[in-house]
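Report on the structure given below.
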Amino acid sequence: MRSIGNKDSDCTRWAIFVPLKENLMSSRPVRVRFAPSPTGALHMGGVRTALYNYLFAKQHGGKFLLRIEDTDQTRFVPGAEEYILEALAWCGISPDEGQGVGGPHAPYRQSERKPMYRQYADQLIAAGNAYYAFDTPEDLELVRERAKAAGNPNWQYNSITRTAMKNSMTLPAEDVERRLAAGEPYVIRVKLPRNEEVKFQDRIRGWVSVNTLNLDDKVLLKGDGMPTYHLANVVDDRLMEISHVIRGEEWLPSAPLHILLYRFFGWEAPEFAHLPLLLRPDGNGKLSKRDGDRLGFPVFPLHWVSPETGEVSSGYRERGFLPEAFANMLAFLGWNPGDNRELFSLAELVEAFNLDKVHKAGARFDFEKAKWFNQQFLRALPAAELAQKVAADLTRRGVAVPAPHVLEGACSLLLDRAVFPQDVYENGPYLFHAPHGYDPDMMGKKWTDTSAEHLRVLAQRFATVEPFAAEALESNFKSYLAESGQGFGQLGPVLRLAITGVTVGPSVFETMGLLGKTESLERIESICRAH
RNA sequence: GGCCCGUUCGUCUAGCGGUUCAGGACAUCUCCCUUUCACGGAGAAGAUCACGGGUUCGAAUCCCGUACGGGUCACCA
């Protein structure tokens, strides 16, 4: 691979004519990755990171990879990886390459790549950019405690303190050899320069600069031989030819370390983009896994039951969200196209997305807006698809699913007041079965001594209406009102109560038309008998 | 606490030096439509662009401070 950003005279001359960024973009095929850790359910912030990666890749005709970062074996949670795969699939942002789909750089699970990292750590040691450290966890804990007692709450293993620790920088070479040969446990730490400004250009934040004085000698290879995130992520991104690292802002503080590692390896670093965080709607802090159901909305794409605690968390899918609505909503938490458009299919998002227009500040999540997105998508759904979703909901409730034309009719009648598929039943149970009761409040207000009498006459008249459809029913009803000298407000609500049990909802005549003559007349008779 | 990042209506945001005493969406309120609810339509209210200094003929837009918020400081990612 030819590196572009170098300081040979050719490139300098070049840069006069070609902006650097364009230059980089055209020289490298876009390959991005989403690299979650399977420590539990993937939360919506993670899904958004995956989404942005996916959109960016697709827009540039590149590849979107999924890599599982499971180097911490103590945090393994069964089912988590499957959950991640399923969640991404549900959102429609499946990887082109990676865990679950395979590809030229397999394996994509870091635990299975374990043997590969060692040589890179050795390479760093050989070049003097890393060293062995024999301090036990207990040693470190002790040092930290002492430092804390002495007024330093944040002891770091760095260019100063490492001189007082047990490592290959302080121990005699023979001693190090002996310990290594004896199989004494050790870690490999990066050896950071003492006082150096590390600068890099973040795609979203511009130039970010940190002095190594504030960084520490992070562990690269752990005592169990596994790499830490810092080593694994840099090595894998290099091996997998990742062109852009798009990840959450929580990684920003360690980005300078990663930049340094690329430099130590002599590799060209990918371009970085650190995404703003998703903040909780109430109070302070980032949206966390624990915030979900407590605040009345899901934080996970799919329903999740923790295998350790048995704790159940609700998911957007089960809540009735449409995947494209969920993706649209998520995309707009931190990004927008710059005009006033808000509704985008996934394909349209791919078209419109622009990493440079991602907002810098964290976005506070608003469930009301999320519902609005779903409502918009629900209304745009083809009738048959909506009917299918509603049928599934009815089945879950143990309610008989009506004939297709009736089901679709019910859907179209209730669509305007539904945000989720299940709202069709919740707002109009009477379309699927006779009312289980009558709104007592409205009965008190509208039902009179003569109501039953009028309804029975109406029923007789309705019986003659053929076909039994809204228009004819309504004119029939109105002519009866005129003949009996009543206003709509007197009999209308009563008729509605008879048919639906409540006084709100779509046109009562449309409802009767859908229910059919037999059912409608039966309901009228029922309320009369009962009162 | 150190370091890093951020700060435009309640919320998500547009804005990238002048046509903006700041536009859209959600939420809120009013009216119309519907003799119901919702949808839809029209409108209202809502941001002295965190604050203070600069730079400039001119700043929400550039620079510097301050405040506030967030992130991060593990043999976790």
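Numbers restart at 1 for each chain; the letters A, B, ... are given by sequence-line order, proteins then strands.
Look at NZ on A:Lys218: it is 11 Å from C1' on B:C76, rounded to the nearest Å. What separates OH of A:Tyr430 from P of B:U36 is a distance of 14 Å, to the nearest Å. To the nearest angstrom, C1' of B:G1 lies 9 Å from CG of A:Asn152. As a whole-Å value, the separation of A:Lys199 NZ from B:C5 P is 11 Å.
For A:Lys289, the NZ atom counts as densely surrounded, since its 6.0 Å shell holds more than 12 non-hydrogen atoms of other residues, nucleotides or ligands.
Not a single donor-acceptor pair, N or O on each side, falls under 3.5 Å between the base of B:C12 and the side chain of A:Arg364. At a cut-off of 3.5 angstrom, counting only N and O atoms as typed in the model, there is a donor on one side and an acceptor on the other between the side-chain of A:Asn154 and the base of B:C73.
If you take atom P in B:C5 and the same atom in B:U66, they sit 15 Å apart, rounded to whole Å. Comparing the C1' positions of B:G43 and B:G24 gives an interatomic distance of 16 Å, to the nearest angstrom. For B:U20 and B:C12, the P atoms lie 26 Å apart once the distance is rounded to whole Å. A distance of about 7 Å separates the C1' atoms of B:U8 and B:A60, rounded to the whole Å. Nucleotides B:U56 and B:G69, compared at atom P, are 35 Å apart to the nearest Å.
Note on A:Asn233: nothing from the nucleic acid sits closer than 4.0 angstrom, heavy atoms only. Contact annotation for A:Pro153: no contact, since no heavy-atom pair falls under 4.0 Å across all strands. Contact annotation for A:Thr71: backbone-only contact, meaning every heavy-atom pair under 4.0 Å involves sugar-phosphate atoms and none involves a base. Using a 4.0 Å heavy-atom cutoff across all strands shown, A:Gly248 reaches no nucleic acid atom at all. The residue A:Phe332 sits close only to the backbone: its heavy atoms come under 4.0 Å of sugar-phosphate atoms, none of a base. Residue contacts shown for A:Lys371 are absent, as no nucleic acid heavy atom lies under 4.0 Å away. Within 4.0 Å of A:Gly492, counting heavy atoms only, lies no atom of the nucleic acid at all. A:Pro506 comes within 4.0 angstrom of a base, heavy atoms only.
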Chi angles and distances behind the salt bridge (Lys or Arg N to Asp or Glu O under 4.0 Å) call for A:Asp423, A:Arg417: CA-CA 8 Å; A:Asp423 290 343; A:Arg417 50 217 92 197; over 6 Å; no

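Between A:Tyr316 and A:Phe297, the distance separating the two ring centers is not shorter than 6.0 angstrom. For A:Tyr229 and A:Trp251, the distance between ring centers is under 6.0 angstrom.
With a 6.0 Å cutoff to the six-membered ring centre and a 45° limit on the axis angle, A:Arg179 counts as a cation-pi contact of A:Phe134.
Residue A:Lys222 places at least one side-chain N or O under 4.0 Å from the OP1 or OP2 atom of B:A77.
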